[in-house]
Amino acid sequence: MAALFLNRLTLQTIKAENNCIRRCLGKHIVQKTAPAQLFPAASAPRLSFLIHSKAFSTIQDIQDERKKKKKDGTTFSNIGRKINERIIHVLDEKGNDLGNMHRADVIRLLDERDLRLVQRNPSAEPPEYQLMTGIQIHEERLRLREREKARPKTGPTLTKELTFSSNIGQHDLDTKSKQIQQWIEKKYKVQITIKKGKNTDEPENKMEEIFNRILQTMPGMATFSSKPQPIKGGKALMCVLRPLTKKEENEYTEIQQTQKKDTLNKENGNDKGSNVLQL
């Protein structure tokens, strides 16, 4: 019995020692590995630095912005004393030519007359500047803004398409003509295709007459961009209508006014002739 008791006691002691060794080794491993795990996280770059670095402008960005401002015709402001050139060509507030002046003399003139300095022609040699009052600068800005609004916006001209038969009735043709007129007013081009009807007895020039009738409903508004041409082996005719340009509209208006004057003159001449006959 005593021997068995000693054997059990020995086994328990060995197990306790093994458990103690495992605990100590576990703590040692954790302490060694924990700092190693922290290094990658610490060495990783912070995103905030990357984000903020983009906020700073480079010299190239500043030069690009200046080029954009020069291209923009509406840029018109007082440059103050920031005159980059040593010698500049100067106009006074009334538009009189003061000739070439040193920038120091220009700054002195600004102070004496309480004026502002604006750049007129930076590409000239030397660059051209003008002395102006605050009210003149404001009025010039308004004028440039109105001119910018009045400038036609460049862009691709959209084309609307319309197809119908030469057997179309008068009511349907009037409806189509109104639709074309609305598109022309919105500055669209209109491509019209008229298919030859099944009626073999219709005149050969009927489709051309329909095109002319459509165009006559829009006097002073539209003209042929491309005149009627046969397509599909002569089974259809196609043309393109476009809005009149400003120049064409003005010419049409002048022609109409001239015709009215001629008509009035003829009528007045006939009245005078009849009065002479009565006398």
Is the closest side-chain donor-acceptor distance between Q170 and D174 under 3.5 Å?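 Side-chain D/A pair, Q170 to D174: present.
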Taking [atom1] in [X] as the centre, count heavy atoms belonging to other residues, nucleotides or ligands within less than 6.0 Å. Is the count above 12?
X: K195; atom1: NZ; value: no
X: L142; atom1: CG; value: yes
X: H102; atom1: NE2; value: yes

Check L237, L162, T163 against T193 for a side chain to side chain contact (heavy atoms under 4.5 Å, CB included) and give me the one that passes.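 Output: one option passes, namely T163.
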4.5 Å side-chain heavy-atom contact, [X] and [Y]:
X: E85; Y: P126; result: no
X: M132; Y: R120; result: yes
X: I214; Y: L173; result: yes
X: V118; Y: Q136; result: no
X: L241; Y: T223; result: no
X: K186; Y: P243; result: no
X: H138; Y: R141; result: no
X: Y129; Y: V106; result: no

Kindly say whether [Y] contributes a backbone atom to a donor-acceptor pair with the side chain of [X] at under 3.5 angstrom?
X: K160; Y: W183; answer: no
X: R103; Y: N84; answer: yes
X: R116; Y: N78; answer: no
X: T159; Y: K189; answer: no

Evaluate side-chain contact (heavy atoms from CB on, under 4.5 Å) for L115 paired with T133, printing each intermediate quantity in order. CA-CA 5 Å; L115 296 173; T133 63; 3.6 Å; yes
Taking only residues two or more places apart in sequence, or in another chain, which ones meet Q182 in a side chain to side chain contact (heavy atoms under 4.5 Å, CB included)?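 Residues passing side chain to side chain contact (heavy atoms under 4.5 Å, CB included) with Q182: Q179.
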Indicate, with yes or no, if [Y] and [X] share a hydrophobic cluster defined by side-chain heavy-atom contacts under 4.5 Å among Ile, Leu, Val, Met, Phe, Trp and Tyr.
X: M221; Y: L158; result: yes
X: I192; Y: I168; result: yes
X: I87; Y: L91; result: no
X: L98; Y: L110; result: yes
X: I137; Y: L117; result: no

Return the [atom1] to [atom2] distance between [X] and [Y], rounded to the nearest 0.5 Å.
X: K82; Y: Q119; atom1: NZ; atom2: CD; value: 13.5 Å
X: S165; Y: M207; atom1: OG; atom2: CE; value: 9.0 Å
X: R86; Y: I88; atom1: CZ; atom2: CD1; value: 12.5 Å
X: E161; Y: Q191; atom1: CD; atom2: CD; value: 4.5 Å
X: R108; Y: R113; atom1: CZ; atom2: CZ; value: 10.0 Å

Apply side-chain contact (heavy atoms from CB on, under 4.5 Å) to residues M218 and S177 and explain how you reach the verdict. CA-CA 9 Å; M218 296 174 287; S177 300; over 6 Å; no
Working for side-chain contact (heavy atoms from CB on, under 4.5 Å), residues I194 and F164: CA-CA 5 Å; I194 301 179; F164 52 89; 3.7 Å; yes
Between the side chains of E140 and R143, is the shortest nitrogen-to-carboxylate-oxygen separation below 4.0 Å, so that they form an ion pair?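 Between E140 and R143 there is a salt bridge, with a charged N closer than 4.0 Å to a carboxylate O.
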side-chain contact (heavy atoms from CB on, under 4.5 Å) between I180 and T217, worked out: CA-CA 10 Å; I180 294 169; T217 62; over 6 Å; no
